[in-house]
Amino acid sequence: MSSKTDDKGTEIPERLHDLSAGKTYKGMRFFGKSGFAKCYQIVDVATNEVYAVSWKTTTTFTSFWNKNLKCDYRVPSYLRKSAADMIVSMLQSNPSHQPTMDQL
């Protein structure tokens, strides 16, 4: 089975099956990427409707959440201290240490 590949070698399957909706999509072309996902064009095989899909790799999320759980991230140094403190407090792994909406 062939697949569509972006410039970094990440592949989207030629056929994507949505079991919950009972639909099959055909992987088409690579659009671009963000920090967590790559965007591809897909087509519904039955209706020929065209969609964009964010293709996320498990390793990207695992790496992000492992860093978040360990509080192993860097806040950019150019931010004001108050903004940096707010980001650090919002990313605390223990929800009881995170600020409430009223505290923000």
Side-chain angles (χ1 to χ4, degrees):
M1 175 184 274
S2 66
S3 58
K4 307 300 176 185
T5 306
D6 66 19
D7 60 343
K8 300 290 187 206
T10 303
E11 297 181 353
I12 186 169
E14 183 176 315
R15 298 284 175 173
L16 303 165
H17 303 284
D18 182 348
L19 299 178
S20 63
K23 294 188 175 207
T24 300
Y25 301 93
K26 181 178 180 183
M28 300 302 284
R29 68 186 182 101
F30 172 68
F31 280 139
K33 64 180 179 173
S34 69
F36 296 106
K38 298 193 175 168
C39 187
Y40 292 88
Q41 177 185 39
I42 61 171
V43 176
D44 185 323
V45 173
T47 65
N48 281 334
E49 291 183 69
V50 178
Y51 299 96
V53 64
S54 291
W55 191 257
K56 300 170 181 82
T57 62
T58 305
T59 56
T60 300
F61 280 114
T62 303
S63 173
F64 171 76
W65 286 114
N66 283 339
K67 285 183 176 188
N68 189 34
L69 288 172
K70 295 179 199 172
C71 296
D72 181 22
Y73 48 81
R74 292 188 185 171
V75 177
S77 60
Y78 58 82
L79 293 177
R80 289 186 317 213
K81 182 170 178 359
S82 59
D85 289 346
M86 181 178 72
I87 291 169
V88 169
S89 68
M90 292 173 65
L91 292 176
Q92 293 297 311
S93 58
N94 184 337
S96 66
H97 295 140
Q98 296 172 352
T100 64
M101 290 302 290
D102 292 334
Q103 292 170 325
L104 293 175

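Not counting sequence neighbours, the partners of T24 by the side-chain hydrogen bond (donor to acceptor under 3.5 Å, both in side chains) test are H17. When the side chain to side chain contact (heavy atoms under 4.5 Å, CB included) test is applied to A84, the partners found at least two apart in sequence or on another chain are V75. Legend: residues meeting side chain to side chain contact (heavy atoms under 4.5 Å, CB included) with T47, ordered by chain and number and at least two apart, are D44, E49. Partners of D18 according to the side-chain hydrogen bond (donor to acceptor under 3.5 Å, both in side chains) rule, which considers only residues two or more places apart in sequence or in another chain, are S20.
Hydrophobic clustering of Ile, Leu, Val, Met, Phe, Trp and Tyr side chains at less than 4.5 Å, counting indirect connections, keeps V45 apart from Y51. Transitive grouping of hydrophobic side chains (ILVMFWY, heavy atoms separated by less than 4.5 Å) keeps L19 and I42 in distinct clusters.
Here the SG atom belonging to C39 is positioned 9.5 Å from the CZ atom belonging to R29, to the nearest 0.5 angstrom. Taking CE of M28 as the start and CD of E14 as the end, the distance is 9.5 Å to the nearest 0.5 Å.
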